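Take a look at the structure set out below.
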Amino acid sequence: MPRSPAEFADRVVAWFAGAARPLPWRAADVSPWAVLVSEFMLQQTQVARVQPKWEEWMLRWPTPADLAGVPPSEAVRAWDRLGYPRRALWLHRAATEIVERHGGEVPDDLDALLALQGIGPYTARAVAAFAFGARHPVVDTNTRRVLARVVDGRAQAAPPSAARDLAAMSAVLPADPAAARAFNAGAMELGATVCAARLPRCDACPVADLCAWRAAGYPAHHGPKRRTQARFEGSDRQLRGRIMRELRGSHRPVARDELAPLDADAARLDRVLGTLVADGLAVASDDGYALPS
DNA sequence: GTCCCGACGC
DNA sequence: GCGTCCGGAC
């Protein structure tokens, strides 16, 4: 446990002021919509891959109404290979909801944000805090790891639990909204760039002398093992990705027979096509499969 | 091969 | 609480 929560927060805030990467969605003049789009893209995708795609989207669809005004196929196509293309569909749906429910303005209210498609506990608070300056605990996996180490003295965070994670962050969150905002962003940045999962760089850490894990001699994690990631090669996810790539590349329906070479197992191909249709990422017609228009 | 790490649906 | 969902960097 650090000497005091205030000291922990102050150090992170001061460190972040000098160490923050100059990411474009952190610029002072970006819109709430720009922040929201960045958070959608960052949900599962590394910063380096997101950045050029975010620039492209902001030029093309600078407001929610701009995105809501085009068919979802445009969003899915422009999502390109960012992965998890349901996010493109959900972002398009969220834009439509923002136009319909909120007059085209991204809401600043947490519950209104949570009600939008594709926005969960993390993204809602990230938008409220980073776009609007509201004082909410924002907890992603980096922050969970930082708190586990600095505060709890454990190598790894316990499995995510929204209620427990938000309470833990609230306990160390500065009272001042601007400081809270910087601490939220700084804790994530610290976890992403210094307090890394595998190779923490404690020599560069602004709170190394406050860190309970370091003080305890870096005890190894003993507890439930992380679930090992399912194999990607040969997975449904890989096949879905390959099918989506074909659909993105075609401006007319793609016949099932044209997709058959993607997988030798006809039954599996049909089952996976079914999941894409169920997700709304593909539409079936007599001519084959296409992106949702 | 391993890691990345949020939302959703059950 | 637990399984599913991409694709690229390492």
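What you see is a predicted model; the values in this text were computed from it and never measured. Just so we're on the same page: letters track the sequence lines, and every chain starts at 1.
Contact annotation for A:D279: no contact, since no heavy-atom pair falls under 4.0 Å across all strands. Residue contacts shown for A:Y122 are limited to sugar-phosphate atoms, with no base heavy atom under 4.0 Å away. Contacts of A:L42 with the nucleic acid, taken as non-hydrogen atoms under 4.0 Å apart, are absent. Counting any heavy atom pair closer than 4.0 Å across all strands shown, A:G120 reaches sugar-phosphate atoms only and no base atom. Base engagement by A:R86 is indicated by at least one non-hydrogen atom pair under 4.0 Å involving a base atom.
For the pair A:F232 CZ and C:dC10 P, the computed distance is 18 Å after rounding to whole Å. The nearest whole Å value for the distance from the CG atom in A:L116 to the C1' atom in B:dA7 is 13 Å. At whole-Å resolution of the value, CD in A:Q43 and C1' in B:dG6 are 5 Å apart. For A:M188 and B:dC4, the CE to P distance is 17 Å, given to the nearest whole Å. Atom-to-atom, CZ of A:R242 to P of C:dC5 comes out at 15 Å; the value is rounded to the nearest Å. Here C:dG7 presents its P atom at 11 Å from CG of A:L281, a figure rounded to the nearest Å. A:F40 has its CZ atom 11 Å from the C1' atom of B:dG6, to the nearest Å.
Here the side chain of A:D66 pairs a donor or acceptor atom with the backbone of A:T63 at under 3.5 angstrom.
Judged by Watson-Crick or G-U wobble contacts below 3.5 Å, the nucleotide B:dC4 has C:dG7 as its partner.
Spacing of P atoms, B:dA7 relative to C:dG8, comes out at 23 Å, to the nearest Å.
In terms of position along DNA chain B, the nucleotide closest to A:R198 lies nearer the 5' end than the nucleotide closest to the other residue of the pair A:R198 and A:P121. Heavy-atom distances to DNA chain C give each of A:D80 and A:A230 a nearest nucleotide, and the one nearer the 5′ end belongs to A:A230. Mapped onto DNA chain B by nearest heavy atom, A:A124 and A:R49 fall at different nucleotides, with A:R49 at the one closer to the 5' end.
Closest approach to the A:Q46 side chain among C:dG7, B:dG6, B:dC5 is made by C:dG7 (side chain taken as heavy atoms from C-beta onward). Comparing B:dG6, B:dC4, B:dC8 by their closest approach to the side chain of A:T123 singles out B:dG6.
Ring-centre distance between A:F183 and A:F8: below the 6.0 Å cut-off. Between A:W213 and A:Y218, the ring centre distance stays below 6.0 Å.
Taking 4.0 angstrom as the limit, A:R81 places a side-chain polar atom (N or O) nearer than this to OP1 or OP2 of C:dG8.
Counting only residues at least two apart or in different chains, ring-ring contact (aromatic ring centres under 6.0 Å, His included) contacts with residues 117-176 of chain A are absent.
Looking at heavy atoms from C-beta onward, A:V207 lies out of side-chain contact with A:C195 at the 4.5 angstrom threshold.
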